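Before any comments, here is the structure.
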Amino acid sequence: MGLELHNTLTRSKDEFKPLKKGVVGMYVCGPTVYGHAHLGHAKSYVSFDILVRYLRYLGYQVTYVQNITDVGHLTDDADEGEDKLEVAAKEEKKHPMALAEYYTHSYFEDMDKLNCVRPDISPRASGHIVEQIELVKTLLEKDYAYEVNGSVYFDVSKFKEYGKLSGRNVEDMQTGTRVEVSPDKKNAVDFALWKKAEANHIMQWPSPWGMGYPGWHLECSAMSMKYLGKTIDIHGGGIENQFPHHECEIAQSEAANDVEFVRYWIHNNMVTVDNQKMGKSLNNFITLKQAFSGSHERLTRHYDPLAVRQLILNSHYRSTLDFSDAALFAAQSGYEKITQAVKSVRTNMNTASAGDADEEIIKELSQLKEKFEAAMNDDLNTSIALSVIFELVRLANKLTEDTSVTLETYKAVEELFDKLAGDVLGVVVDEYPQSGGGSDDEMVAKLVDGLIERRNDARERKDFAAADAIRDNLTEIGIILEDTAEGTAWRRK
RNA sequence: GGCGGCGUGGCCAAGUGGACUAAGGCGACGGUUUGCAAAACCGUUAUUCAUGGGUUCGAAUCCCAUCGCCGCCUCCA
């Protein structure tokens, strides 16, 4: 049984078969860069990162495109909306482009820490105005769009399949519209492809319809088309974008190209914090930088970025995930357990004896691998996949207590950790620094090593009072000592 | 008003008709180990899946009702 993915378009789990054998084109709606990334971004992009990693694990050649929205968009389709990049720029007294640049860097920095693979292409909306204008022209030529006062709208009544993704019908929405309808529109559900800019609008570009800026659904259609072709295999995004954003993308793209736009629509669910929607006004809005440093009043400590990642993998991407300090704390402990096991295996490899691998162990490993793949094939059940990693941890920990285990056996265990927990889940890395990184680390390491030496002297003299005093001191500042058969190891709490 | 989701042990969370006498993690407790710890290992911690009916040989899983929580419909991952 191959990979099955839940496709929003069909509302069922469909076997994944790319258009071209062995090759996958995947587009994911990226962030609007007007602020630091938060926990919601983490869930979304870690989820899609898992999909990319797993497809590559299965041998697909994946082209992963994720846009950067650096063109602010109106808060609604009517004229009174404000451009959020411009709003943020005014607050910070910077040019919108400087702001976009700053938060783009910040975004990549956070995603790197979460061990998300970089997209192959990160196209900026502002760099694709030409393509977007071309798309609007095509839609006008094909009579799917109309121009009014320098703005261009998509005529939803012309696209019969509008609503097929979100399961809405146009009549229902006509009556239920809560926002004020722009008088320029023929129908309330019509959406802007191009908006005329007022003189004070900073970000604007020349177009056949005058100075303006692209509508907020347009960039994804234009850029996915440019880099992945008219039909793409996978389009991912947050569930809140299912409507209207993705519905509109389908309308624009299929009207322009007369072919199916996306074969598999994948939507991930939202995040809550302490069981409430995360929002700035609720004081439960937590950025990734705050989570990594522990600088938020709802957090009792700092959390390892990979522990945040692990918490995300602990639940399914289509379930809502509640971030709480307790949940993060549990994930941190679990993450450390995996890390410890991997480190022990690697350490023991240095001293293990030569000899063939244990056949029983090899058999167990291949069973774990099968279980892992079956879970991932079932719409990316990372929760079960992660439980397999914990089984592997237990197996590894038992081995490291046995001195007769051979190097070949350890190699097989380590390889499975690297492939499943490393390449696919991304919670195991190749190198673990002794501590969190930073310029003082080497000095800290030397200091701790020195103290360990003095403590061991005291222990040899049976002066346990002195020995314990040293250890207690270190514990107080967050350094944990562990006496093992090979000597005393230490780690940061 | 329209659409959708959820409610599983102290906490997080899989499972969605029969191998469920319900994974896994965290926490807690007991044991092994240790000079004492830490880590690790072994064991214990839900006869029960919001509640009440029903369908079925069989339900956490399907249907109905009730209660509670949440999301989308306006930018948002």
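Keep in mind that what you see is a predicted model, and the values were worked out from it rather than measured.
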Note to self: Under 3.5 Å, is there a donor on one side chain and an acceptor on the other for A/Asn348 and A/Tyr410?
What the structure shows: yes

Kindly give the atom pairs (protein nitrogen or oxygen, nucleotide nitrogen or oxygen) under 3.5 Å for nucleotides 40-46 of chain B.
unit_1, atom_1, unit_2, atom_2, d
B/A40, O3', A/Asn397, ND2, 3.0
B/A40, O2', A/Glu401, OE2, 3.0
B/C41, OP1, A/Asn397, ND2, 3.3
B/C42, OP1, A/Lys398, NZ, 3.0

Item checked: Syn or anti conformation of B/A38, syn meaning chi within 90° of 0 -> anti

Next item on the list: Could you work out the separation of B/A14 and B/A50 based on their P atoms and round it to a whole Å?
Entry: 15 Å

Next item on the list: For the pair A/Asn67 (side chain) and A/Gly30 (backbone), establish whether a donor and an acceptor sit closer than 3.5 Å, ignoring hydrogens and angles.
Entry: yes

Notebook entry, point to check: What interatomic distance, in whole Å, is found between P of B/U33 and the corresponding atom of B/A38?
Noted result: 15 Å

Item checked: Per A/Asp468 side chain, nearest of listed nucleotides B/G25, B/A77, B/G35 -> B/G35

Note to self: If you only use heavy atoms from C-beta on, which nucleotide in B/C12, B/G24, B/A14 is closest to the side chain of A/Phe390?
What the structure shows: B/G24

Item checked: Base B/A77 to side chain A/Ser47, donor-acceptor N/O within 3.5 Å cut-off -> no

Next item on the list: May I ask you to say whether A/Arg309 pairs ionically with A/Asp304, meaning some side-chain N is under 4.0 Å from a carboxylate O?
Entry: no

Next item on the list: Take atom P in B/A23 and the same atom in B/G10, then report the distance between them in whole Å.
Entry: 15 Å

Next item on the list: Considering only atom C1', compute the distance from B/C20 to B/U47 and round it to an integer number of Å.
Entry: 11 Å

Next item on the list: Please state how far atom NE2 in A/His267 lies from atom C1' in B/C76, giving the value in whole angstrom units.
Entry: 14 Å

Next item on the list: Can you figure out which of B/C36, B/G24, B/G71 approaches the side chain of A/Lys277 most closely?
Entry: B/G71

Next item on the list: Side chain of A/Arg491 only, please: which of B/A39, B/C36, B/A14 is the nearest?
Entry: B/A39

Check: Do A/Thr300 and A/Asp325 have a side chain donor and acceptor closer than 3.5 Å?
Finding: yes

Next item on the list: Write down the distance separating the C1' atoms in B/A77 and B/G71, rounded off to the nearest Å.
Entry: 14 Å

Margin query: Between B/U66 and B/U21, how far apart are the two C1' atoms, rounded to whole Å?
Written below: 30 Å

Margin query: Do the side chains of A/Lys289 and A/Glu109 get close enough for a salt bridge, i.e. N-O under 4.0 angstrom?
Written below: yes

Checklist line | Residue mapping more 5' on RNA chain B - nearest nucleotide basis, A/Arg455 or A/Gly237 | finding: A/Arg455

Checklist line | Cationic tip of A/Arg301 above A/Tyr303 ring, under 6.0 Å, 45° of axis | finding: yes

Notebook entry, point to check: For atom C1', what is the distance between B/G9 and B/A46, given to the nearest Å?
Noted result: 5 Å

Notebook entry, point to check: Is A/Arg53 salt-bridged to A/Asp49, cutoff N-O under 4.0 Å?
Noted result: yes

Notebook entry, point to check: So, A/Tyr45 and B/A77: ring centres less than 5.5 Å apart, planes less than 30° off, yes or no?
Noted result: no

Checklist line | Nucleotide paired to B/U55 in any strand shown, Watson-Crick or G-U, under 3.5 Å | finding: none

Note to self: Starting the side chain at C-beta, find the nucleotide from B/C26, B/A14, B/G35 nearest to A/Ala330.
What the structure shows: B/C26

Check: With a 4.0 Å cut-off on heavy atoms, is A/Gly40 in touch with a base, just the backbone sugar-phosphate, or nothing at all?
Finding: base

Check: Hey, does the side-chain of A/Arg459 have a donor or acceptor N/O within less than 3.5 Å of a partner on the base of B/G35?
Finding: yes

Notebook entry, point to check: Which nucleotide, in any strand shown, forms a Watson-Crick or G-U wobble pair with B/C36, with both distances under 3.5 Å?
Noted result: none

Check: Of the nucleotides B/C36, B/G71, B/C11, which has the atom closest to the A/Ala326 side chain?
Finding: B/C11

Notebook entry, point to check: Which nucleotide, B/A13, B/C36, B/A77, lies nearest any side-chain atom of A/Arg471?
Noted result: B/C36

Item checked: Cation-pi geometry met for A/Arg118 and A/Phe108 (6.0 Å, 45°) -> yes

Note to self: Please pick, from B/A23, B/A77, B/C73, the nucleotide with the shortest atom-to-atom distance to any side-chain atom of A/Ile384.
What the structure shows: B/A23

Item checked: Separation of the P atoms in B/C72 and B/C11, to the nearest angstrom -> 26 Å

